[in-house]
Protein chains: 4
Amino acid sequence: MSSAAPPPARRTGRPRSAEADRAILDATRAALVELGWGKLTLGDVATRAGVAKTTLYRRWAGKNELVVDAVAALFDEHLELPDRGSLRADIEGVVLQFASLLERPETRTALMAVVAESTRDDALRRRIRSAIVDRQKSLVLLGRARAQARGELPHEPDPASAARNADLIFDVIAGAVVHRTLVSAEPVDDEWARGFTALLVGGLTATYGRP
Amino acid sequence: MSSAAPPPARRTGRPRSAEADRAILDATRAALVELGWGKLTLGDVATRAGVAKTTLYRRWAGKNELVVDAVAALFDEHLELPDRGSLRADIEGVVLQFASLLERPETRTALMAVVAESTRDDALRRRIRSAIVDRQKSLVLLGRARAQARGELPHEPDPASAARNADLIFDVIAGAVVHRTLVSAEPVDDEWARGFTALLVGGLTATYGRP
Amino acid sequence: MSSAAPPPARRTGRPRSAEADRAILDATRAALVELGWGKLTLGDVATRAGVAKTTLYRRWAGKNELVVDAVAALFDEHLELPDRGSLRADIEGVVLQFASLLERPETRTALMAVVAESTRDDALRRRIRSAIVDRQKSLVLLGRARAQARGELPHEPDPASAARNADLIFDVIAGAVVHRTLVSAEPVDDEWARGFTALLVGGLTATYGRP
Amino acid sequence: MSSAAPPPARRTGRPRSAEADRAILDATRAALVELGWGKLTLGDVATRAGVAKTTLYRRWAGKNELVVDAVAALFDEHLELPDRGSLRADIEGVVLQFASLLERPETRTALMAVVAESTRDDALRRRIRSAIVDRQKSLVLLGRARAQARGELPHEPDPASAARNADLIFDVIAGAVVHRTLVSAEPVDDEWARGFTALLVGGLTATYGRP
DNA sequence: ATGTAACCGAGACGGTACGTCGGGTCTTATC
DNA sequence: GATAAGACCCGACGTACCGTCTCGGTTACAT
């Protein structure tokens, strides 16, 4: 979150305006909605935020970093996993929740763009991972733990294997929703979510069995 | 793959150099590998191809269209589905094949970028779909047909439902591979492919049953 | 004159617009009048000229070079030395002429500024010399030749000494007018010109004698 | 020389550091030598002086005022007119003295620059006049008084005419030296000084006669 | 053989955004 | 209340690409 390179702690000089950060991130999201990634310019963001361009560059290294932070805030606010009582219901819930996030124009246009840039920029990839991806993945871990508590899935004694399986499930869920939404450009509605969940739960049950 | 809007048919005047097309697409791929999407400039592509910028703009409307065509050629050449004898083997094959395509730097960096742009540009989305997505999807259809012929999957009498299922399977496969490769940034190796295939085949079998 | 680095002669590509040069120099003079040297910005000049900033930078290396050329044109147009019949009248004429040039706001504000910059930039000094200073100096040479032809001044057999004397007279005339106008900030009117000319002609006559 | 508007007298609070003034002016001169007028930045001056930018702006209104004061100090220290026994020797002395001042890089680069700015800023012109020009002019007045005392020049009964003549001589001397040094960019050496003095004294004698 | 229409390279054109820099102002904590 | 530090707003800088537009020249088909 927050700045790319937060000066570890300064003691002298005028402190950075906390409000500027907020205004910039808000302006970034607004500009993304209106203009999309390609037309987004930092000068315009600064103007919208009522802030000088210098202020913006003092806090973020560039467009990518700024947009990651701006979008990450949405993932913070809108991703949660209430216990819906069954593995199936939990998966459907998370699929629909993630899909609704991807239907927002600011995430649609920004997420793939920063992922594309991250293929050439390790620092950006780490930033995306910690700001966005890990937040999503924690839902998978939570969902699995609940399913195991309910007895819907077996406990996995080998931690390495457990991590691999969680990663796999995460890539399948997130990947399928992203691909459906952005590449196939079809809506993730209740029907699709039901079909996808049936397939996944079937696979999980068939593969790992019931305890 | 060539141009977006090939002039319907000319009869007189100097014909377009066929070699220029090839040189431009080659240069585009080379530049993508070296510079990535963000730093790719059409002027540079033209220089590399030994071609004037005008020539390039005469054939493609812009960066997006050019890159889609340049990358699509790779999908043409490298996607096929030899019959490996079983549904499981066919899926593993297609997963590994698609992953090896995504491991090329030119596809890594280009695919997500054009998808990101396509969220705001319907013409680009259609171009991507016809040039790239549909090529991949046809493999899914082929694989299912083979599995049905082998008796591994039931025939689906309702064509609408059949199409829905094919779309779902396609999004799951392609999405999982893309997400694993580009977002999670982990390799799609034999082990992962086996695990993923087991999950998917388990789901298919559990959901649609055996005939 | 003209461009700083005129490509010796190109044969291919679109030729440079001759009108752009003119429009830029006109706009530079207009902006100098309105804003003065300090507030003059190249972006504004480009806008006034209806020209892109790039076009301007393609032809001139910076503010200094541009302004030298813009001002030099005025020296071309407004410096001449009609034969007024006597050394005294010729000197008075050239003094008033030079003074009226320095009373234009564009020359007032620009000339000293570029001279100041030239103290740290040899290329700029050479440019100023060839574009402005040498034009003025030629008037001194012409005036002396006429005076010698009239018998008002002796012929100088030693060319080195003749050059030294011309330089001295030039520095005295130009320096006095510039200093009066810009440093003392007092007008060079007929009275001052008469007094100055009397002093100078007296000095010349006393020093070099009549033939 | 210090600030333009020295606060009339403060009684409370921390007193201004007297050393800061000196450090700032020294730093200004040093920066002028290294960077020239155009590249001189107030932030850099503050850093060199070990002083905050705020402190600098509390004492001077801007770059022009600061530089005028910094350079004026040099005119204070280095301009004087010892009695050399004759008008001719006094003039040669003042010419060489002024020239040696103009050969310092800090004066070369600064003087013309502030003069250029002063063409659009009356307050600056007055500041230059009182800080620099009047100091020089007083030498002319002193020299004339001595020459009159020696009987080399006649007394001028009309005070207005006397002032006009002093102004003229001043513009001729200062203008010629400045022009030779900065515009013609040739050195003012003993030979030039002799030639110039001969011309000027000849003119004075011829014009005003001996008493 | 000669038009002639469309191609080609080169490169200038009007633009837009970039990321940086300097100018002055302000807000802190410290002296 | 002056100071050092440094963030702030502002606006210009010079550069890089964009996509378009002349240029002078080159092909290759249709007379």
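In what follows, chains carry the letters A, B, and so on, assigned in the order in which the sequence lines appear, proteins first and then strands, with residues in each chain numbered from 1.
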(message) Rounded to whole Å, how long is the line connecting atom NZ of K63(C) with atom P of dG22(E)?
(response) 15 Å
(message) Without decimals, in angstroms, what is the distance between W60(D) CH2 and dG23(E) C1'?
(response) 17 Å
(message) Do R16(C) and R58(C) have side chains that approach each other closer than 4.5 Å (heavy atoms only, starting at C-beta)?
(response) yes
(message) Between A49(C) and G43(A), which residue's closest nucleotide on DNA chain E lies nearer the 5′ terminus?
(response) A49(C)
(message) Looking at R22(B) and D26(B), is there a salt bridge between them, counting it only when a charged N and a carboxylate O are closer than 4.0 Å?
(response) yes
(message) So which atom in V51(D) and which in T55(D) form the shortest heavy-atom distance, rounded to 0.1 Å?
(response) CG1-CB, 3.7 Å
(message) Given dC8(F), dA4(F), dC13(E), identify the nucleotide with an atom nearest to the side chain of T55(D).
(response) dA4(F)
Protein N or O to nucleotides 25-27 of chain E N or O, pairs below 3.5 Å:
| unit_1 | atom_1 | unit_2 | atom_2 | d |
| --- | --- | --- | --- | --- |
| dC26(E) | O2 | R14(A) | NH1 | 3.2 |

(request) List the atom of A49(A), the atom of A23(A), and the distance in Å for their closest heavy-atom pair. (result) CB-O, 3.6 Å
(message) Could you tell me if the side chain of K63(B) sits less than 4.5 Å from the side chain of L66(B), heavy atoms only?
(response) no
(request) Strictly below 4.0 Å, heavy-atom distances to any atom of DNA chain F: list the hits from residues 110-120 of chain A, or just say none. (result) none
(message) How many whole angstroms separate atom CG of L56(B) from atom P of dT20(F)?
(response) 12 Å
(message) Rounded to whole Å, how long is the line connecting atom CG of L35(C) with atom P of dG11(F)?
(response) 14 Å
(message) Between P on dA12(E) and CD on E19(C), what's the gap in Å once rounded to a whole number?
(response) 18 Å
(request) Rounded to the nearest angstrom, tell me the gap between atom CH2 in W37(A) and atom P in dA17(E). (result) 15 Å
(request) Please examine the side chains of W37(C) and E106(C), heavy atoms only from C-beta on, and report whether any two atoms are closer than 4.5 Å. (result) no
(message) Are the side chains of V71(C) and L32(C) in contact, using a 4.5 Å heavy-atom criterion?
(response) yes
(message) Any base atoms under 4.0 Å from L40(D), or only sugar-phosphate, or nothing? Heavy atoms, all strands.
(response) sugar-phosphate
(request) In whole angstrom, give the distance that lies between atom CG of D44(B) and atom C1' of dT15(F). (result) 16 Å
(request) Kindly indicate whether the side chain of T28(C), heavy atoms from C-beta on, has any atom under 4.5 Å from the side chain of D69(C). (result) no
(message) Check the phosphate of dA2(F) against R58(D), side-chain N and O only, distance under 4.0 Å to OP1 or OP2. Yes or no?
(response) no
(request) Flag the pair W60(B) / V67(B) as yes when at least one side-chain heavy-atom distance between them is below 4.5 Å, and no otherwise. (result) no
(request) Map K39(C) and A20(A) onto DNA chain F by nearest heavy atom, then report which one ends up closer to the 5' terminus. (result) A20(A)
(request) With DNA chain F as reference, determine whether T41(C) or L42(B) sits nearer its 5' end, using the nearest nucleotide of each. (result) T41(C)
(request) Take the protein atom CZ of R16(A) and the nucleotide atom C1' of dA5(F), then report the distance between them rounded to whole Å. (result) 13 Å
(request) Apply salt bridge (charged side-chain N to carboxylate O under 4.0 Å, His left out) to D44(D) and list each qualifying residue two or more places apart in sequence or on a separate chain. (result) R48(D)
(request) For G62(A), answer base if it contacts any base atom (sugar-phosphate contacts may also be present), sugar-phosphate if it contacts only those atoms, and nothing otherwise; contact means non-hydrogen atoms under 4.0 Å. (result) nothing
